[in-house]
Amino acid sequence: MQHLLVLPALMGAASIGVLGPLQVVVDGRPVALTARRLRTLLTALALSAGEPVSLDRLATVVWGESPPMDARRAVQLYVARLRRLLGRNLIRAAPGGYVLRVEPDQVDALRFVRLLGRRVAVADPDAERSLLAEALDLWRGEAFADARSTWLDDVEATRLTDLRLAALERRIELDLALRAPVDLVAELQDLTARFPLRERFWEQLMTTLHRAGRRADALAVYQRLHRLLVDEVGIEPGPSVQAVQARILSEDAAPRGVNQLPPAVPDLTGRDTELSIVDRLLAAADTAAHPVLVQVTGPPGAGKSALAVTAAQRARGHFPDGQLYASLRGAGADPLDVLDAFLRALDADRIPDTLSARSSLFRSLVTGRRLLILLDDATSERQVHPLLPAHPGCAVVIISRILLPGLECMDYLRLDALRADKALELFGRIVGPARAAADSDTSREIVELCDRLPLAIRTAGARLAGRPHWPLHALASRLRDDHRRLDELAAGDLAVRTSITTTYTGLPDPIRLAFRRLGMFGWKEFDAALLATLLDVTPCRAEHLAERLVDAQLLDTTTRADGQIRYQIHDLVRLHAREQTEGTR
């Protein structure tokens, strides 16, 4: 039984369906038109809903270019019969012809065209897909299936069918990103059978099969198309289809997810507890109702990136569709450029120009996939938000020196300095366990002068590893000199000063001023009242400035037994603050 199309009645209480067998509903009542010419005449009026159609035009639609001598009179008689069936007010006389008094949206063909026009201006792929689906759902069969005429068949049906096929191609293109590719196989097999010369459907079928792991089937589709075109038309498949075949031939049998993760640190030490926490959070993406977001934060040099990369590498099995990585370089990376790289990695067919459009396309492409995204050195929610997926199955690890509390459903992990025993273990791994144990007191002194921060320990250890003739105390004596310590903690790409400077330069001027003032004194612990005196501001303002430095991981806090909050500053951070005050760096 045919589905009865009921469109919203606006001007007249009627709806007309012509995208399939003619369906007419008047005042909620289906009306059957048994005469073919009545159906054809009403179809012609419906395609010009609300606009007058001349008698001559109606006659041409019904009889073709050679209507009978009495065609105008016959049209008038047909209209009279339609009025008796549909109601006199639905079809009104107009100068030289007639008008069907309904709104365009009450005719499915006109509504279809209007919806296609609306989707052109939509930048969001999800919204575009919804409009396309709504438009395509209006079709119940072939256009004008029981209202045949030369004009309807050769002109209007051809035009509407071409629009329908183009809309189907675009909707399937979006579906390849928005849902599991295997869901499209049956539909595309039917489309290639019904429209065998429409190469885009063959191309999409090949892509769908390949993404579903059916490489041999995808290549067989190309061979069927090749035989069809050569035998029946005498041409080769077009360059777009040939490009898909070449890409499939050049790849392994199974589709591979992209993996952009940096290599894991081989000697990550002292972070077993933290690693297990991140492991558990990322594994939860398998069943979570939303994307998993994890922020790893901590003071400069705490080893945030090393931990996050190691955890991401360990979690790859939970994200078989791939892993994406971007270094946001503090405030240096534009999310527009990051999205360009991500979309290319995901084989996007087109890359929009605007940030919002790229972000929407990115979210559409990752929908239905299980991806892990690692964002290193982020500085703000505004920088990160366009890069976040919107659907379950994905996880994002954000590495940031500052807290980003504005992101919803976020789990936070703060890294502190290593425990003393773990700091010594890391130092021994770099310089050699025997060498570190031979002068254990100096080894302990060096890691304490490094504030037990992994970056500083790695840097100090790298210097000693590159100078096997140095006794440990040679480096320790240099590190004891406050004016030389940051200079000594630099080896190749490892530099403690650079890590702290990156955080410092990203702060607003008032916060940087407070930081520099702290460098003028040797305080390692203080309260807001003492800072207020130093800065000549109110205690409330001093507390605000101190808390901003806490957010930037340049200060720590502790709470005394009486409830008073005290602020603490690591030696390496304090030395950097002094350098800024003295203007030496």
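Nothing fancy with the numbering, it's 1 onward along the sequence. The figures that follow rest on heavy atoms only: side chains count, while hydrogens, waters and symmetry mates do not.
Using bins of under 30°, 30° to 60° and over 60° for the plane-to-plane angle, the ring pair Phe195/Phe201 lands in the tilted bin.
Side-chain contact between Leu372 and Arg316: absent, with no pair of heavy atoms (C-beta onward) separated by less than 4.5 Å. You'll find the side chain of Ile351 stays beyond 4.5 Å of the side chain of Phe342, heavy atoms only.
Legend: side chain to side chain donor-acceptor pair (under 3.5 Å) pairs involving residues 77-91, not counting sequence neighbours: none detected. Pairs engaging residues 189-203 under the side chain to side chain donor-acceptor pair (under 3.5 Å) rule: Glu169-Arg198, Asp190-Arg194, Arg200-Glu203, Glu203-Ser240 [sequence neighbours left out].
Checked by atom type and distance alone, the side chain of Arg358 pairs as donor or acceptor with a backbone atom of Pro352 at under 3.5 Å.
Across every non-hydrogen atom of Ala395 and Phe319, the tightest pair is CB-CZ, 3.5 Å. Taking every heavy atom of both residues into account, Val309 and Pro263 meet most closely at CG1-O, 3.5 Å.
Within a 6.0 Å sphere centred on CZ of Arg114, other residues, nucleotides and ligands contribute more than 12 heavy atoms. The neighbour count for Arg118 CZ, taken as heavy atoms of other residues, nucleotides or ligands under 6.0 Å away, does not exceed 12.
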Audit row: Arg39, Asp146, salt bridge (charged side-chain N to carboxylate O under 4.0 Å, His left out) steps and yes/no: CA-CA 7 Å; Arg39 296 195 297 267; Asp146 56 1; 3.8 Å; yes
CA sep, side-chain torsions, deciding dist, call: Leu163, Val113, side chain to side chain contact (heavy atoms under 4.5 Å, CB included): CA-CA 8 Å; Leu163 288 173; Val113 173; 4.2 Å; yes
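Electrostatic pairing of Arg92 and Glu51 does not count as a salt bridge here, judged by no charged N lying under 4.0 Å from a carboxylate O. Between Asp377 and Arg401 there is a salt bridge, since at least one side-chain N of the basic residue sits less than 4.0 Å from a carboxylate O of the acidic one.
For the side-chain contact (heavy atoms from CB on, under 4.5 Å) test, residues two or more places apart in sequence or in another chain that qualify with Pro67 are Ala59, Trp63, Ala71.
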